[in-house]
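Reviewing the structure listed below.
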There are 2 protein chains.
Amino acid sequence: MSHEAQKIVARQSLLLRSLPEQHVDTLLRQAVWRQYDRGETIFLQEEEAKAVHVVLAGWVKLFRISPTGAEAVVSVFTRGESFGEAVALRNVPYPVSAEAVSPCEIMHIPSPVLLSLMKQDPEICVSILAATFTHLHSLVAQLEQLKAQTGAQRVAEFLLNLCDSDAGQCEVELPYDKMLIAGRLGMKPESLSRAFSRLKPVGVRINRNHAEIADMDVLRNYAESDPSEK
Amino acid sequence: MSHEAQKIVARQSLLLRSLPEQHVDTLLRQAVWRQYDRGETIFLQEEEAKAVHVVLAGWVKLFRISPTGAEAVVSVFTRGESFGEAVALRNVPYPVSAEAVSPCEIMHIPSPVLLSLMKQDPEICVSILAATFTHLHSLVAQLEQLKAQTGAQRVAEFLLNLCDSDAGQCEVELPYDKMLIAGRLGMKPESLSRAFSRLKPVGVRINRNHAEIADMDVLRNYAESDPSEK
DNA sequence: TCTCCAACTTGACTATTGTCATGTAAGGGC
DNA sequence: GCCCTTACATGACAATAGTCAAGTTGGAGA
């Protein structure tokens with residue numbers, strides 16, 4: 001991707017799009033642009049945060065290694081999404097690690113740059129709070145899923161979120177590894193395989209990375225039904 | 001609690017303590033002070049946020065009602081803790097509902113008050129980001145627990161967090177209903193009962209609301225051990 | 001004081017998920 | 001082209017948690 005193209009994508013990101021126009025150029029000029037290979041570490045848990053990260057291309061996973069050694073995937077980001085806002089601006093250690101799960105292009109905004117802009121224009125704080133709130137919200141949604149839905153239902157919702165349309169038949173590509181999907185949904189790969197089988201009766205066909213949903217309403221109904229009703 | 005006592009507690013809250021001194025008085029003067037009975041609703045999911053809430057006394061639960069009707073407890077707050085920061089400052093709907101689970105005293109800071117202070121002094125943004133980050137962090141920790149630990153291990157960690165000391169023998173009171181503890185830990189009350197029984201061999205005795213831990217290190221070791229090792 | 005209700009416990013059973021083992025198939029490197 | 005690794009599927013079994021159904025108990029209120 002050319003640097004010009006990178007800048008265009010960066011401007012479209014949720015974070016920069018909500019910032020006042022005049023500051024965007026300042027940020028873009030001072031940002032650090034980097035590529036990562038698949039599997040490369042972007043930062044590690046407990047490391048001190050020095051920047052906010054904006055994904056321009058590829059997929060990034062945030063995860064935590066628990067004391068037992070198990071990996072818990074917290075979120076997966078792609079083009080246009082940013083992470084690390086709240087951490088970077090407080091100079092505290094990251095609560096998670098970040099790793100590129102596909103080749104990635106990432107823009108890093110050094111936190112001092114953002115902090116000095118915040119002092120000039122408090123409007124920026126609100127943009128950053130907006131991004132942070134989005135993360136909070138998605139974590140809350142994830143908690144709800146884990147606490148109130150079965151594995152197969154979480155998979156159903158995951159598939160529904162991949163679709164562009166919102167009713168009828170739909171075909172989508174799974175965006176990343178099934179292993180990672182399993183992690184993201186809080187289950188083992190074996191359980192994901194079985195969850196897919198379980199979704200066959202409600203019109204889901206999986207072939208490699210390709211998924212076909214016969215009827216989104218039927219699937220949504222399944223995802224939102226009481227687990228004990230089945 | 002007298003209004004003077006309320007103000008003292010409010011000043012000790014994590015949110016206000018990190019704010020520059022001169023603004024605290026402004027906030028305290030414009031805040032709304034209210035009491036809630038056990039079971040009373042503080043706000044509802046989807047309602048538009050108009051204030052930041054600081055708990056002065058009692059316990060508050062934040063929860064989500066999933067499409068299936070199941071309740072997922074997101075967090076439980078008490079004296080000195082605040083919630084709703086990121087939401088209030090963006091005038092978006094709450095992603096959760098809030099309910100007093102015991103008689104409560106709560107201070108509400110209307111969001112316009114906070115917003116206007118933010119414009120005067122961007123330093124305040126950082127304080128608010130700090131509070132928001134704390135919430136993010138606790139949600140991440142919860143996700144990790146749910147994804148990587150068994151029920152009994154989550155209960156063990158919950159008990160450890162209640163203790164003031166960090167080693168040796170310890171006695172604590174359970175701060176709220178076992179039903180709520182179960183919800184907070186993502187399990188059914190029956191499972192919580194059984195988890196308690198399972199903790200007997202590692203030196204945990206529960207009697208009503210009273211818990212005795214024979215040795216915190218032994219319990220911690222249990223909580224952090226690989227589930228498959230048992 | 002008595003009654004009643006909701007919280008809690010326990011048991012039996014089921015469902016769901018994890019674990020381990022095995023087999024297959026696809027894709028990268030040579 | 002081949003090999004070899006890794007992802008993925010599936011079966012058998014174990015562990016864990018949910019469900020349903022009885023109890024028990026302690027406390028609020030009449």
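Every chain is numbered from 1 and lettered A, B, ... according to where its sequence line falls, protein lines coming before strand lines.
- Distances shorter than 4.0 Å separate some side-chain N or O of Ser193(A) from OP1 or OP2 on dA9(D).
- Summarising the geometry, the separation between CG on Leu180(A) and C1' on dC8(D) is reported as 15 Å, rounded to the nearest angstrom.
- Closest approach to the Arg198(B) side chain among dT10(D), dT16(D), dA9(D) is made by dT16(D) (side chain taken as heavy atoms from C-beta onward).
- We find that NZ of Lys178(B) is positioned 12 Å from C1' of dG26(D), with the value rounded to whole Å.
- Taking atom CD on Gln153(A) and atom P on dT17(C), their separation rounds to 9 Å, with Å as the unit.
- For the pair Asn209(A) CG and dA26(C) P, the interatomic distance rounds to 12 Å; values are reported in whole Å.
- We find that CG of Leu185(B) is positioned 17 Å from P of dT16(D), with the value rounded to whole Å.
- Look at Lys188(A) and you won't find any side-chain N or O under 4.0 angstrom from OP1 or OP2 of dC20(C).
- With contacts defined as side-chain heavy-atom distances shorter than 4.5 Å, the pair Phe133(B)/Pro95(A) qualifies.
- Close to dT16(D), at under 4.0 Å from its OP1 or OP2, lies no side-chain N or O of Thr150(B).
- In this structure, His210(A) atom NE2 and dC8(D) atom P are separated by 17 Å, rounded to whole Å.
- Looking only at side-chain heavy atoms (C-beta outward), Glu157(B) and Arg154(B) stay at 4.5 Å or farther from each other.
- Phe77(A) and His53(A) have their aromatic ring centers separated by at least 6.0 angstrom.
- Between Phe83(B) and Phe43(B), the ring planes lie tilted relative to each other; the angle falls in the 30° to 60° range.
- Taking the side chain of Glu190(A) as heavy atoms from C-beta on, and the options dG18(C), dT19(C), dT10(C), the nearest nucleotide is dT19(C).
- Under a cut-off of 6.0 angstrom, the local environment of CZ in Arg79(B) is sparse, with at most 12 non-hydrogen atoms contributed by other residues, nucleotides or ligands.
- The residue among Tyr176(B) and Arg194(B) whose nearest nucleotide of DNA chain C is located toward the 5' end is Tyr176(B).
- When distances are taken from the side chain of Met179(B) to each of dA21(C), dT19(D), dA7(C), the shortest belongs to dA7(C).
- Between its two ends, the helix from dT1(C)-dA30(D) to dC30(C)-dG1(D) turns its axis by 50°, counting five pairs per end and rounding to 10 degrees.
- Between Pro189(B) and Lys178(B) there is no side-chain heavy-atom pair separated by less than 4.5 Å.
- Listed nucleotides: dG11(C), dG27(D), dC8(D). Nearest to the side chain of Arg208(B): dG27(D).
- Summarising the geometry, the separation between CG on Asn207(B) and C1' on dC8(C) is reported as 12 Å, rounded to the nearest angstrom.
- The NZ atom of Lys147(B) sits 14 Å away from the P atom of dT17(C) (whole-angstrom rounding).
- By the side-chain hydrogen bond (donor to acceptor under 3.5 Å, both in side chains) test, Glu173(B) is found to be paired with His210(B), residues two or more places apart in sequence or in another chain being considered.
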